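Basis for what follows: all heavy atoms, side chains included, without hydrogens, waters or symmetry-related copies. Given the structure is predicted, the values throughout are model-derived calculations rather than measurements.
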Amino acid sequence: MTEATLQQLLNAWTGLDLRRQIIVIAATIAMFFAILGMSRMVTAPSMTLLYAGLENGAAGDVVRALEQRGATFDVRGGSIFVDSSQRDELRMTLASEGLPANSTSGYELLDSLSGFGTTSQMFDAAYWRAKEGELARTIVASSQFAMARVHIASTGSNPFQRGITPKASVSVTPNGGQVTSQQAKAVRYLVASAVAGLAPEDVAVIDSNGTLIGATDDAAPSVGGDDKAKILKERVERLLEARVGFGNAVVEVSVDTVTESEAIRERRFDPEGRVAISTDNEQRNNTSNEAGGAGVTVASNLPDGDAAGGNDQSSSQNTESRERVNYEVSETEREIVRAPGAVKRLTVAVLVNDVKTVDEAGVETQAARGEDELAALEELVESAVGFDAERGDIITIKSMSLLSVPATGTMASTSFMDHFAVDIMSAIQMAVLAIVTLVLGLFVVRPVLSRPPQQLQTGPAGLLPNANADGDAEAQNGSALNGEIDPIGNLDLPDFSLDGDMGGLPELSMGGGMGSEDPVDRLRSMIGERQEETVEILRGWLAEEEKV
């Protein structure tokens with residue numbers, strides 16, 4: 001930048017009033033900060049989420065590891081943001097070091113225990129702490145859970161405690177979304193399998209909202225037919241679309257299921273179907289003889305009497321035979337348990353699109369499908385859903401014209417910009433700052449700097465006339481100081497124009513000799529009062545002559 005250019009800028013600055021100078025300074029400062037903001041946005045890395053929702057200890061370990069690596073990171077509340085280009089690499093590197101680590105400890109707690117000074121109660125407490133920590137680590141290893149804590153109420157090693165079963169509770173924090181009943185059931189079985197004597201029913205699973213999950217799932221299983229209806233619907237649609245085409249068949253399936261459970265126990269005896277299992281034979285024989293004497297008389301006591309005469313004799317014989325046979329009667333015992341969910345009634349409604357034909361003139365017409373085709377489709381549907389007329393199933397197939405719905409959205413396509421990782425928000429911010437900078441430069445600074453200088457004014461016309469001795473009509477009209485100036489006294493001045501690079505003369509005061517009516521006297525008085533400005537004007541004229 002030459003000295004003349006600097007002088008021109010200085011003259012232009014001094015030619016501005018205070019208000020315009022303040023506007024130029026403010027616009028310059030605004031442009032400076034806008035350009036600084038754009039440069040910072042271009043050079044600043046695009047931050048993306050690394051981890052969120054970590055505990056204080058785990059978050060401190062991650063921050064310490066990032067500081068050791070010299071990585072750029074930002075902590076916003078409970079979240080840690082890093083450069084998007086380094087996020088995946090940092091996650092894999094931190095994972096190899098066990099970060100972010102779960103706050104609970106596992107079996108490493110037992111490594112610090114020694115045989116000296118450790119009681120059985122201390123060892124049991126450390127063991128159960130290690131068991132809880134290992135179970136929590138196993139649960140968090142699943143991508144569905146972000147945090148987990150396990151509490152086991154064990155009976156200890158006291159052999160005198162009987163009839164006390166262990167229980168457990170698990171508090172989990174899902175990794176987005178909600179914990180489903182199937183996930184809670186898997187957690188219960190995991191904990192129950194790891195603790196001896198613990199049943200899955202004795203494990204309570206609680207989510208981060210304090211809700212008990214899966215408490216009544218086993219007691220009251222789902223008995224609705226929505227799942228069965230969905231399976232049957234997909235089966236029928238797949239079968240019909242093979243004939244009528246994709247989107248030309250609408251299928252609705254309604255399944256009525258049994259909601260109550262029933263248990264039937266039956267026991268039958270068949271008297272004809274007996275089998276001898278044992279036989280017992282018993283036989284008895286009984287024989288007895290009896291002899292009876294006469295009565296005592298006087299004759300029986302005499303020596304010659306008949307003492308031995310008159311004796312009676314009797315005998316008896318009894319024979320008994322018994323046979324016992326044990327039979328086993330045929331018995332049939334049957335128990336039938338009917339659980340909820342059995343299909344009670346099935347209803348299927350099928351709507352197929354009409355057949356579209358195009359004639360020679362290119363006119364498209366639609367016609368209903370024939371009865372034979374509909375009957376064949378009905379037979380296929382009956383076979384697919386397991387139709388049972390005795391059960392009261394109903395299948396309805398109709399052929400009607402379906403309204404064509406235009407496809408929504410846009411076709412997925414690849415472009416040249418897909419190969420570049422462009423941050424849309426950063427690009428929008430840069431564009432806004434660029435627009436602000438252009439507006440400041442074009443509509444604020446440029447009009448102020450390019451506005452023509454305030455010309456010399458005199459008289460009611462407001463402009464300095466050309467100096468001539470005759471005082472013609474041009475002086476009376478107050479023409480601009482753009483013409484040639486005649487020689488003033490002994491000073492021969494060249495032709496000059498105020499439209500050059502030097503800009504115009506500054507606003508001149510009307511004091512001193514400017515009150516004279518002679519234009520030559522006024523010009524001489526002006527030159528005497530503004531000697532520095534006059535020298536600069538002459539220097540500019542000389543520079544223009546050298547250029548020419």
Side-chain angles (χ1 to χ4, degrees), residues 142-145 174-190 200-201 205 207 211 213-264 335-355 368-405 407-409:
S142 175
S143 60
Q144 303 295 331
F145 302 102
N175 193 3
Q178 296 180 353
V179 181
T180 61
S181 58
Q182 296 297 328
Q183 295 173 354
K185 185 177 181 181
V187 171
R188 289 201 303 269
Y189 276 91
L190 172 65
E201 295 78 10
V205 180
D207 62 0
T211 305
I213 305 173
T216 59
D217 291 345
D218 298 335
S222 177
V223 295
D226 295 339
D227 296 338
K228 295 181 180 179
K230 183 178 179 181
I231 295 174
L232 294 177
K233 179 180 178 181
E234 293 176 354
R235 189 181 302 173
V236 174
E237 284 182 348
R238 186 167 56 250
L239 181 64
L240 293 177
E241 288 176 353
R243 168 62 182 170
V244 301
F246 178 78
N248 291 324
V250 180
V251 181
E252 292 296 335
V253 180
S254 176
V255 179
D256 295 337
T257 58
V258 178
T259 57
E260 63 273 0
S261 61
E262 182 181 4
I264 300 175
E335 184 177 358
I336 301 174
V337 179
R338 295 177 181 175
V343 178
K344 183 167 57 177
R345 188 167 179 264
L346 184 65
T347 304
V348 181
V350 179
L351 177 63
V352 293
N353 196 9
D354 292 341
V355 180
R369 299 181 184 272
E371 296 295 335
D372 297 337
E373 184 178 2
L374 293 179
L377 294 177
E378 184 175 358
E379 293 179 359
L380 292 175
V381 174
E382 290 179 356
S383 301
V385 300
F387 177 78
D388 188 359
E390 297 180 356
R391 194 172 52 189
D393 296 348
I394 300 175
I395 295 179
T396 304
I397 298 181
K398 297 292 183 180
S399 176
M400 297 181 181
S401 177
L402 300 180
L403 296 177
S404 59
V405 180
T408 58

Say you draw a straight line from CG of Asp256 to NZ of Lys344; how long is it, rounded to the nearest 0.5 Å?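 Interatomic distance, Asp256 CG to Lys344 NZ, rounded to 0.5 Å: 6.5 Å.
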Euclidean distance, Gln183 CD relative to Arg188 CZ, rounded to 0.5 Å: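 One gets 12.0 Å once the value is rounded to the nearest 0.5 Å.
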Residues in side-chain hydrogen bond (donor to acceptor under 3.5 Å, both in side chains) with Asp354, at least two apart?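 Once residues adjacent in sequence are excluded, the partners of Asp354 under the side-chain hydrogen bond (donor to acceptor under 3.5 Å, both in side chains) criterion are Ser399.
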Could you pull out all residues at least two apart from Ser401 that satisfy side-chain hydrogen bond (donor to acceptor under 3.5 Å, both in side chains)? Gln366
Any pair counted as side chain to side chain donor-acceptor pair (under 3.5 Å), so long as it reaches residues 388-397, sequence neighbours left out: Arg391-Asp393
For [X], give me all partners under side chain to side chain contact (heavy atoms under 4.5 Å, CB included), at least two apart in sequence or on another chain.
| X | value |
| --- | --- |
| Glu252 | Lys233 |
| Glu378 | Glu382, Ile395, Ile397 |
| Ser142 | Gln144, Phe145 |
| Glu262 | Ile264, Arg338 |

Please report the shortest heavy-atom distance between Arg369 and Asn353, naming the atom on each side. NE-O, 2.8 Å
Over all heavy atoms of both residues, which pair between Ile213 and Ser181 is shortest? Give the atoms and the distance, please. CG2-CA, 4.2 Å
Side-chain donor or acceptor of Arg345 paired with backbone N/O of Ser254 under 3.5 Å: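 No, the answer is negative, given that no donor and acceptor are paired below the 3.5 Å cut-off.
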Expected output: side-chain Arg235 to main-chain Ala384 donor-acceptor under 3.5 Å: yes
Can you check side chain to side chain contact (heavy atoms under 4.5 Å, CB included) on Leu232 and Leu346, steps first, answer last? CA-CA 10 Å; Leu232 294 177; Leu346 184 65; 3.7 Å; yes
Mind checking what makes salt bridge (charged side-chain N to carboxylate O under 4.0 Å, His left out) contact with Asp207, not counting sequence neighbours? none
Residues Val352, Asn248; criterion side chain to side chain contact (heavy atoms under 4.5 Å, CB included); working and verdict: CA-CA 6 Å; Val352 293; Asn248 291 324; over 6 Å; no
Using side chain to side chain contact (heavy atoms under 4.5 Å, CB included), reason through Thr347 and Val253 one step at a time and then give a plain yes or no. CA-CA 6 Å; Thr347 304; Val253 180; over 6 Å; no
Tell me, do Ile394 and Val348 make a side-chain contact under 4.5 Å, heavy atoms counted? no
If you draw a 6.0 Å radius around CD in Glu335, do more than 12 non-hydrogen atoms from other residues or ligands fall strictly inside? yes
Which residue pairs satisfy the salt bridge (charged side-chain N to carboxylate O under 4.0 Å, His left out) criterion with at least one member in residues 236-247, sequence neighbours excluded?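 Checked against salt bridge (charged side-chain N to carboxylate O under 4.0 Å, His left out) - neighbours excluded - the pairs reaching residues 236-247 are Arg243-Glu373.
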Show the numbers, then the answer: is there a side chain to side chain contact (heavy atoms under 4.5 Å, CB included) between Leu240 and Val350? CA-CA 9 Å; Leu240 293 177; Val350 179; 3.2 Å; yes
